[in-house]
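One structure below.
Start at 1 and go down the list; that is how both ligands and their atoms are numbered.
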Amino acid sequence: MAHTSYGDEGFSRYLRSAFSRHLGHDPEDFDKPVIGICNTSSEVNRCHSHLGPMIEAIKRGVTAAGGTALEFPVISLGEMFISPTTMLYRNLAAMDAEEMIRAQPIDGVVLIGGCDKMTPALLMGAASADKPAIMFTGGPMSNGEHKGQTLGACTDCRFFWQEYKAGTISDEELSEINAKLAPTAGHCMVMGSASTMAACSEALGMMLPGGAAIPAVLNERLSHAQQTGKAIVELVRNGTKPSDIMTRGAFENAIRVLMAIGGSTNAVIHLIAIARRLGIDIKLDDFHALSATTPFLANLRPAGKYQLQDFHYAGGVPALMREMSSLLHLEERSVSGKTIGENIADAKTDDAYRDIIRPFGDPLYRDGGITVLKGNLAPDGAIIKSKAATEGLLRHRGKAVVFRSLEDMETRINDPQLEVTPDSVLVMQNAGPVGAPGMPEAGMIPIPRKLLQAGVRDMVRLSDARMSGTAFGTVVLHVAPEAAVGGPLALVRDGDEIELDAYAGTLTLHVPEEELQRRRAEWTPPKIADRGYTRLYQKRVMQADKGCDFDFL
Ligand code: FES
C-alpha cells in the first residue's frame with residue numbers, strides 16, 4: 001500500500017494510524033486488505049440515488065471476508081442532468097477514478113456504476129490504475145405500465161414524445177405517461193447504454209455472474225452486493241488485476257454479447273476506449289466481423305420486445321452466454337475466481353422464458369444488432385443499429401437536407417418551409433466529439449413535424465453524434481472523421497445524393513472528387529473553447545473509432 005510522502009515511511013504510517021482512529025478503525029485493520037468503495041451515489045444522478053443500502057451490503061461482504069472497507073467519492077454523471085452531455089465528462093470521470101484508485105491507500109476497489117457513462121468511465125480508470133477491481137451496478141428499474149402496455153425508459157420517452165408531436169396523444173395523456181416512465185430506483189430498464197455496459201462488464205469477467213440484470217429493487221441485488229464485497233477481498237489476496245481479466249479474448253466475448261443483446265451503439269466507443277487503456281487495439285472491423293457471426297438472441301427493447309426484469313427472470317447474461325457458449329472464449333478469467341466457462345456451466349433459460357432468450361438455433365436474427373459502415377463519407381467508419389432501424393430504409397439513396405449544427409437543426413427542423421420529403425436524408429454536422437463538443441446523443445434527429453403529421457415515422461438520418469441506447473430508427477452515427485476536424489461530412493451540401501447500404505456496409509456521398517476538393521479548400525475549422533476542461537477535451541479527444549478517449553491516456 002502506498003503512503004503519503006514525507007520522506008519518512010514510519011512517520012507516514014504513524015500519522016495515518018492517528019487520523020484513521022476517527023473512523024473507528026484499529027491500526028490492525030489496515031494490515032488487512034483495504035478495499036476502496038468508489039461511491040458514485042448522488043441526488044443529481046437519479047440512477048445512483050438508491051445505492052446506500054447496497055454500499056452497506058458491499059461493506060458487510062468485505063468485512064465478512066476479512067477486509068477493511070473505505071468509501072470514497074468520484075464524479076457521478078446522470079444522463080438527464082448533465083449539460084451539454086455526459087460524454088463530455090466520461091474521460092474526466094475516468095481520470096478521477098484512475099488517480100484516486102492509484103493515489104489512495106487501498107489494495108483493491110469496488111467500482112459502482114449504473115447510469116450510462118459511469119460503468120465505462122470506472123472501467124477505463126480501473127484498467128489504467130490496474131489494482132484489483134470489481135464492477136457492481138445499481139441495477140435496472142422495474143417495468144412501467146400504461147393502459148396495459150409495458151413502459152420502458154427511455155425508449156417510450158422518445159416514442160410518446162414523437163406521437164405527441166404528431167398530434168396522436170393529448171397533453172393529459174403525455175403527462176400521465178410521464179409519471180410512469182421511470183417508476184422505481186435504478187437505471188433505464190431497456191437494453192440501453194446502462195444495461196448494455198452492465199452486460200458487457202459481466203461478459204468481460206469484471207462483474208460477478210448474473211449481476212447485470214437483477215432489478216434495482218430486488219433483494220437479490222443486496223445479496224449480489226454482499227457477494228461482490230467478499231469477491232474483491234479474494235481478488236486482492238490472489239493479486240488478480242484488471243489486466244489479468246480484460247484480455248483480448250475477454251473483449252471479444254463482450255463484443256459478441258453486445259451483438260447478441262442488440263445492445264447500445266455507445267458500447268462500441270466505450271469498449272474500444274477501455275481496451276486501449278490496456279494496450280489492446282480493438283477496431284471497428286472487429287465489431288463488424290463479430291457482428292456478422294453472432295446471432296441476435298436476446299429479445300429486448302429497443303430492438304426487441306422485453307425489458308431487463310424479464311431478462312433477469314429468463315436467466316440474464318449467464319443464460320445468454322451459455323446459449324452462445326460455442327462462440328465464446330470460455331477459458332477467460334473472471335472476478336469470481338472462476339473461468340467464464342465455469343461461471344455459466346449451470347446457467348439455463350426455462351422454457352417459459354424462451355421468447356426472451358432465444359435458442360442458439362432459433363435466433364431473433366441471424367446476425368448481430370450493430371452494423372459498421374465505411375465509404376467516402378466515413379473513411380474511418382460509422383455505425384448503425386440496424387436491428388432498431390426500418391428494414392426498408394437500410395438500403396436507401398436520397399438527397400441531403402443539411403444542418404450545420406445541433407442548434408441549426410433545432411431552429412429549422414420544424415420549419416414548414418423546410419424542403420424535405422420522406423426520402424430525404426437528414427444530415428447533421430458538427431455534433432461529434434470536438435464539434436458539439438462531447439458528441440451528444442442527438443443523432444436521432446427528430447422527424448420534421450410536417451412529415452410526422454403526414455404519418456412518417458422514420459427516415460435516414462446521419463451525423464457524427466451518438467444516439468441513446470434506448471433510441472431507435474434508421475440512424476447513422478459516429479461518422480469519422482467528424483465534421484469539426486474536416487471529415488468529409490463537413491463537405492456535404494443540401495441536395496447532395498447520399499447512399500446508405502447497410503447490407504453492404506457502405507455509406508457513399510455521390511459528389512465528384514474535384515467538387516469535394518473545391519469545397520475542402522473553402523472549409524474552415526469551427527472555433528473551440530477558450531479555456532478550461534472543455535478546451536482540453538476539444539484539443540486532445542480522439543475520434544469515435546478510437547473510443548473518444550484523450551490521446552495522452
Ligand atoms: Fe441513467 Fe438512463 S438515465 S441509465
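- Residue M80 has at least one heavy-atom neighbour below 4.0 Å for each of these atoms of ligand 1: 3 (S).
- Between the SG atom of C115 and the SG atom of C47, the angle taken at atom 1 (Fe) of ligand 1 works out to 110° after rounding to 10°.
- Outside the 6.0 Å centre-distance limit, the rings of Y89 and Y537 are not counted as a close aromatic pair.
- Here R46 has no heavy atoms under 4.0 Å from ligand 1, in either its backbone or its side chain.
- Judged purely by atom type and a 3.5 angstrom limit, T390 has no side-chain atom pairing as donor or acceptor with the backbone of L393.
- Ring centers of Y353 and Y306: at least 6.0 Å apart, outside the cut-off.
- Counting atoms of ligand 1 from 1 in the listed order, those under 4.0 Å from a heavy atom of E79 are 3 (S).
- At least one N/O/S atom of C188, whether from backbone or side chain, sits less than 2.8 Å from atom 2 (Fe) of ligand 1.
- The cationic group of R457 does not satisfy the cation-pi geometry with F159, failing either the under 6.0 Å distance to the six-membered ring centre or the 45° limit from the ring axis.
- No side-chain donor-acceptor contact under 3.5 Å links T137 to the backbone of A212.
- Taking every non-hydrogen atom of A194 and a distance limit under 4.0 Å, the qualifying atoms of ligand 1 come out as 4 (S).
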